[in-house]
Amino acid sequence: MNFNNSLTTRYRFVRARWRWLFAVVDAIGAAWLHAWRRVFGEAAAKPLDPEAVGKILLIQLDHLGDAVMTTSMFASLKRRFPQATIDVLAAPWNCEVFAASKEIGRIYVSRWNRFRRNFKAGWPFPFYLWAPALRARCYDLAIDVRGDFPNAVLMRLCGIPRRVGWACAGGGFLLTDSAEFVRGRHEVDSRRALLAALGADVRSTEGPKFVPSSEAIRFVTHMLGEFRQGSRPLWALHVGAGTSAKAWPVKHWRELLGRAIVERHARVILVGGQGDVETGREITQEMFWPGVMDWTGRLTLDQLASLVQRTELFIGADSGPAHLAAATGARVVSLFSGSTVSDQWQPWGHRVAVVRHAVACAPCFASRCPVANHPCMSELTPDDVMQTVRRILDTPATMAPHFLSNAQSNKRLGNDKRP
């Protein structure tokens with residue numbers, strides 16, 4: 001194996017320049033740390049004593065779906081560190097996930113970080129201003145779930161003695177413990193690897209879980225009103241996507257909506273964020289559809305979870321709400337583009353099905369498709385989706401033990417090279 005191949009195995013970056021950059025950074029950093037310890041006598045980390053861990057900081061600044069998958073860690077962390085409180089440094093778009101968890105204490109919301117859209121250049125200064133406040137809390141253990149160099153730097157600046165994460169994005173010299181990076185492994189299994197690095201028993205680790213609040217349940221009950229009456233099944237269609245590369249065409253959504261009503265006699269609620277309101281209008285063409293309600297832009301995450309728990313089926317693109325729906329126990333059909341690898345990123349659970357159209361350019365990791373007509377989504381047809389829907393609803397016993405995939409998507413599309 002040559003050195004470049006070794007870097008590809010060691011780092012998760014798609015672009016070679018980032019692999020080479022962090023190889024240099026890590027080499028310099030490791031030399032600096034060795035010199036520091038020789039001069040100042042800083043000892044290496046001692047064996048972890050669970051009873052001595054009183055405060056844990058978990059860092060999760062990236063996307064909603066990632067935060068949902070991180071909920072699978074909480075119960076195991078509490079069993080491993082029974083005396084500890086768990087706090088989270090989160091982002092505005094995912095903090096509601098942690099607020100719903102009884103295992104979480106404080107939630108710090110970082111409004112300025114590298115995942116905030118339209119604020120790429122100036123994020124480091126406000127982000128690292130968190131260091132003094134977090135240092136004052138005297139955390140015993142910090143966990144960077146995603147594995148980012150800026151997060152490793154922050155944990156070091158906070159003076160946290162035990163720092164756990166991934167070395168695959170650089171900064172491994174700043175960590176005291178790390179898990180092995182396995183390309184293409186499902187993200188829930190990667191979180192279990194982090195727990196194993198802390199000595200937790202991962203055999204009893206639960207999957208992601210989200211329990212809506214009683215307030216959200218009352219709100220959705222009121223919103224549904226008479227719409228919930230009768231024996232017709234209720235579906236939720238999440239018509240948005242995190243990026244345009246993951247978006248399904250409006251004409252496909254419109255056809256699927258019609259087929260849900262005619263073929264399955266379903267009542268349907270369109271859901272999505274504020275940015276999906278126009279998509280909802282385009283799908284319905286602002287016309288009255290019997291048995292259809294457009295709730296795009298009207299629900300919080302908590303309220304969305306309460307709604308999908310009542311549905312026979314949730315259908316949506318590869319985005320955070322699909323993970324949220326799966327975490328409530330709902331049946332989920334997730335529409336995957338060629339921008340990511342479904343084996344790694346699909347929602348977790350035995351009630352989840354993935355539908356995708358295989359294309360040669362996948363996985364591309366692009367946020368905007370560079371190919372004319374966006375074939376991985378435009379050629380994923382409503383008929384493909386309905387075939388999977390029928391398989392789930394009519395013959396549930398034939399589902400695979402963990403994930404069910406559309407027949408067209410059985411071909412593996414390659415290893416993940418997450419940027």
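Owing to the predicted nature of the structure, the values given are computational and were not obtained by experimental measurement.
Looking at D318, its side chain never comes within 3.5 Å of a backbone N or O of K246 through a donor-acceptor pair. The closest donor-acceptor contact from the side chain of R232 to the backbone of A266 lies under 3.5 Å. Between the side chain of Y11 and the backbone N or O of F22, at least one donor-acceptor pair lies under 3.5 Å. A donor-acceptor pair under 3.5 Å is absent between the side-chain atoms of S76 and the main chain of M73, judged by distance alone. Side-chain N or O atoms of T328 include none that pairs as donor or acceptor with a backbone N or O of A305 at under 3.5 Å. Formation of a donor-acceptor pair under 3.5 Å by the R12 side chain with backbone atoms of G147 is found in this model. A distance-only check finds no donor-acceptor pair linking the side chain of K78 to the backbone of I86 [under 3.5 Å]. Checking side-chain atoms of H252 against main-chain N and O of S378 turns up a donor-acceptor pair under 3.5 Å. In this structure, the side chain of R116 engages the main chain of R111 through a donor-acceptor pair within 3.5 Å. A donor-acceptor pair under 3.5 Å links the side-chain atoms of R80 to the main chain of L198, judged by distance alone.
Between the side chains of T70 and Q60, at least one donor-acceptor pair of N or O atoms lies under 3.5 Å. Side-chain contact check for D302 and T300: no donor-acceptor pair (N or O, by modelled atom type) lies under 3.5 Å. Side-chain contact, W345 with E187: no donor N or O sits under 3.5 Å from an acceptor N or O. The closest side-chain donor-acceptor pair between R356 and S342 falls under 3.5 angstrom. In summary, the side chains of T221 and R218 do not present any donor paired with an acceptor at a separation below 3.5 Å, with no hydrogens or angles considered.
Considering only heavy atoms from C-beta on, L304 comes within 4.5 Å of P321 through its side chain. The closest side-chain heavy-atom distance from W295 to L307 is below 4.5 Å. Between Y139 and C158 there is no side-chain heavy-atom pair separated by less than 4.5 Å. Using a 4.5 Å heavy-atom cutoff, the side chains of L154 and D144 are not in contact. Looking at I160 and D140, their side chains never come closer than 4.5 Å, going by heavy atoms from C-beta outward. Using a 4.5 Å heavy-atom threshold, the side chains of M386 and L256 count as touching. Here the side chains of V341 and F336 are not in contact, with every heavy-atom distance at 4.5 Å or above. Contact of the V333 side chain with the L313 side chain is registered, since non-hydrogen atoms from C-beta on lie closer than 4.5 Å.
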List the atom pairs, with distances to 0.1 Å, where a side-chain N or O of residues 48-56 and a protein N or O form a donor-acceptor pair under 3.5 Å, not counting sequence neighbours.
{"unit_1": "D49", "atom_1": "OD1", "unit_2": "E51", "atom_2": "N", "d": "3.2"}
{"unit_1": "K55", "atom_1": "NZ", "unit_2": "R137", "atom_2": "O", "d": "3.0"}

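Atom-to-atom distance recorded for D26:CG and F149:CZ is 7.5 Å, nearest 0.5 angstrom. Note: F210 CZ to F98 CZ = 11.0 Å, rounded to the nearest 0.5 Å. Taking CH2 of W253 as the start and OG1 of T279 as the end, the distance is 10.0 Å to the nearest 0.5 Å. Note that CH2 of W130 and CG of L57 are 10.0 Å apart. Values are rounded to the nearest 0.5 Å. One distance of note links CG of L335 with SG of C376; it measures 11.5 Å at 0.5 Å rounding. Atom OG in S213 sits 8.5 Å away from atom CD in E96 (nearest 0.5 Å).
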- [ ] Would you sort out whether V145 and L58 count as a side-chain contact (heavy atoms from CB on, under 4.5 Å), showing the intermediate values?
- [x] CA-CA 7 Å; V145 179; L58 189 148; 3.7 Å; yes
- [ ] Dump the intermediate steps for side-chain contact (heavy atoms from CB on, under 4.5 Å) on I217 and R310, then the final yes or no.
- [x] CA-CA 10 Å; I217 293 172; R310 302 163 185 247; 3.5 Å; yes
- [ ] Under the salt bridge (Lys or Arg N to Asp or Glu O under 4.0 Å) rule, what do D394 and R264 come out as? Steps first, then yes or no, please.
- [x] CA-CA 11 Å; D394 298 341; R264 307 298 305 195; 2.9 Å; yes
- [ ] Starting from the C-alpha separation in whole Å, work towards a yes-or-no answer on side-chain contact (heavy atoms from CB on, under 4.5 Å) for D148 and R114.
- [x] CA-CA 10 Å; D148 265 352; R114 78 178 189 87; 2.9 Å; yes
Open item on the list: Between F115 and D66, does the side-chain contact (heavy atoms from CB on, under 4.5 Å) criterion hold? Intermediate values first, please.
Closed with: CA-CA 12 Å; F115 295 97; D66 299 75; over 6 Å; no
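A ring-centre distance under 6.0 Å is not found for H63 and W93.
Classification of D201 and R192 as a salt-bridged pair fails, no side-chain N sitting under 4.0 Å from a carboxylate O. Under the 4.0 Å criterion applied to side-chain N and carboxylate O atoms, D384 and R390 are not assigned as salt-bridge partners. Between D343 and R185 there is no salt bridge, since no side-chain N of the basic residue sits under 4.0 Å from a carboxylate O of the acidic one.
When every heavy atom of A91 is checked against every heavy atom of L61, the shortest pair comes out as CB-O, 3.7 Å. Closest approach of V371 and C361 over heavy atoms only: CG2-SG, 4.4 Å. Taking each heavy atom of A75 and E206 in turn, the nearest pair found is CB-OE1, 3.4 Å. For S72 against G207, the heavy-atom pair with the smallest separation is CB-C, 3.6 Å. Contact detail for P161 and T176: the closest heavy-atom pair is O-CG2, 3.4 Å. Across every non-hydrogen atom of S319 and G240, the tightest pair is OG-O, 4.3 Å.
Annotation for E180: atom CD does not count as buried by contact number, only 12 or fewer foreign heavy atoms lying within 6.0 Å.
When the options R331, R351, Q387 are evaluated for a side-chain contact (heavy atoms from CB on, under 4.5 Å) with I392, the one that passes is R331.
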